[in-house]
Amino acid sequence: KISGTLMQAHEKGSSEQLPMIPYLKINGRGEVDLNPSINIWSSFDFWTKQNVDRVGSQSLDRAVLIGSGIVVKVIPRALFLFEIKNMLNSAYQWWDNYPAPGRRLLLEAKVNLL
């Protein structure tokens, strides 16, 4: 699955992109069921630079994030998830001077009691 957004957002009478709205965002995710108990996926996120202010004098760099994960159903109604986010350990910011986390490893267990 691939989706994207092309958004030219600016104030009336201005050609500068509004703050914190990337001009282009692309998201992709591919999944494969290896058998009824195992599912693997990979994800890709890209967005162009984002202005920090209205006049476009400061901006955040573009970002490319790649992730991957696996879900294993161990017993009925229980599963384990292992995920790697920002696999390339890309440096990017959520907001000006607010750096986003680097590579993250997540382990999650879910149990459905009903």
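Here the NZ-OG distance, from K49 to S59, works out to 4.0 Å after rounding to the nearest 0.5 Å. Put simply, CG on L24 and CD on Q8 are 12.5 Å apart, with the number rounded to the nearest 0.5 Å. From R77, atom CZ reaches atom CG of L113 across 8.5 Å, with rounding to the nearest 0.5 Å. Rounding to the nearest 0.5 Å gives a distance of 10.0 Å between CG of L79 and CG of N39. Between S43 atom OG and I66 atom CD1 the span is 8.5 Å, to the nearest 0.5 Å.
Residues I38 and I75 share a hydrophobic cluster, clusters being chains of Ile/Leu/Val/Met/Phe/Trp/Tyr side chains in contact below 4.5 Å. The hydrophobic cluster containing I26 also contains L88, counting ILVMFWY residues as joined when their side-chain heavy atoms lie under 4.5 angstrom apart, directly or transitively. In the hydrophobic clustering of this structure, I2 groups with Y23; members are Ile, Leu, Val, Met, Phe, Trp, Tyr whose side-chain heavy atoms approach within less than 4.5 Å, directly or through other members. Residues I84 and V32 fall within the same hydrophobic cluster, defined by Ile, Leu, Val, Met, Phe, Trp and Tyr side chains chained together at heavy-atom separations under 4.5 Å. The hydrophobic cluster containing V72 also contains F82, counting ILVMFWY residues as joined when their side-chain heavy atoms lie under 4.5 angstrom apart, directly or transitively.
For the salt bridge (Lys or Arg N to Asp or Glu O under 4.0 Å) condition, the pairs that include at least one residue of residues 54-73, sequence neighbours left out, are E11-R54.
Distance alone, capped at 3.5 Å, is enough to place a donor-acceptor pair between the S14 side chain and the E16 backbone. Checking side-chain atoms of S68 against main-chain N and O of W41 turns up a donor-acceptor pair under 3.5 Å. A donor-acceptor contact shorter than 3.5 Å is absent between the side chain of D33 and the backbone of N35. With Q50 contributing its side chain and W94 its backbone, the two residues share no donor-acceptor pair below 3.5 Å. Looking at N51, its side chain does come within 3.5 Å of a backbone N or O of Q17 through a donor-acceptor pair. Under the 3.5 Å distance criterion, the side-chain polar atoms of R103 are matched with a main-chain donor or acceptor of M87.
Proximity of L107 to E83: side-chain heavy atoms (C-beta onward) are nowhere separated by under 4.5 Å. Put simply, the side chain of K85 reaches to within 4.5 Å of the side chain of L106, judged on heavy atoms. Inter-residue side-chain proximity for V52 and P19 is flagged as unmet; no heavy-atom pair is nearer than 4.5 Å.
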Show your working on side-chain contact (heavy atoms from CB on, under 4.5 Å) between W47 and T5 and close with a plain yes or no.
CA-CA 9 Å; W47 57 89; T5 305; over 6 Å; no
Apply side-chain contact (heavy atoms from CB on, under 4.5 Å) to the pair S90 and L65, showing each step before the final yes or no.
CA-CA 7 Å; S90 300; L65 303 174; 4.2 Å; yes
How far apart are the C-alpha atoms of V64 and F44, what are their side-chain angles, what is the distance that settles it, and do they pass the side-chain contact (heavy atoms from CB on, under 4.5 Å) test?
CA-CA 7 Å; V64 176; F44 171 83; 3.7 Å; yes
Under the side-chain contact (heavy atoms from CB on, under 4.5 Å) criterion, do L34 and I40 qualify, and how do the steps go?
CA-CA 8 Å; L34 297 180; I40 60 171; 4.3 Å; yes
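The heavy-atom pair separating N112 from L114 by the smallest distance is OD1-N, 3.2 Å.
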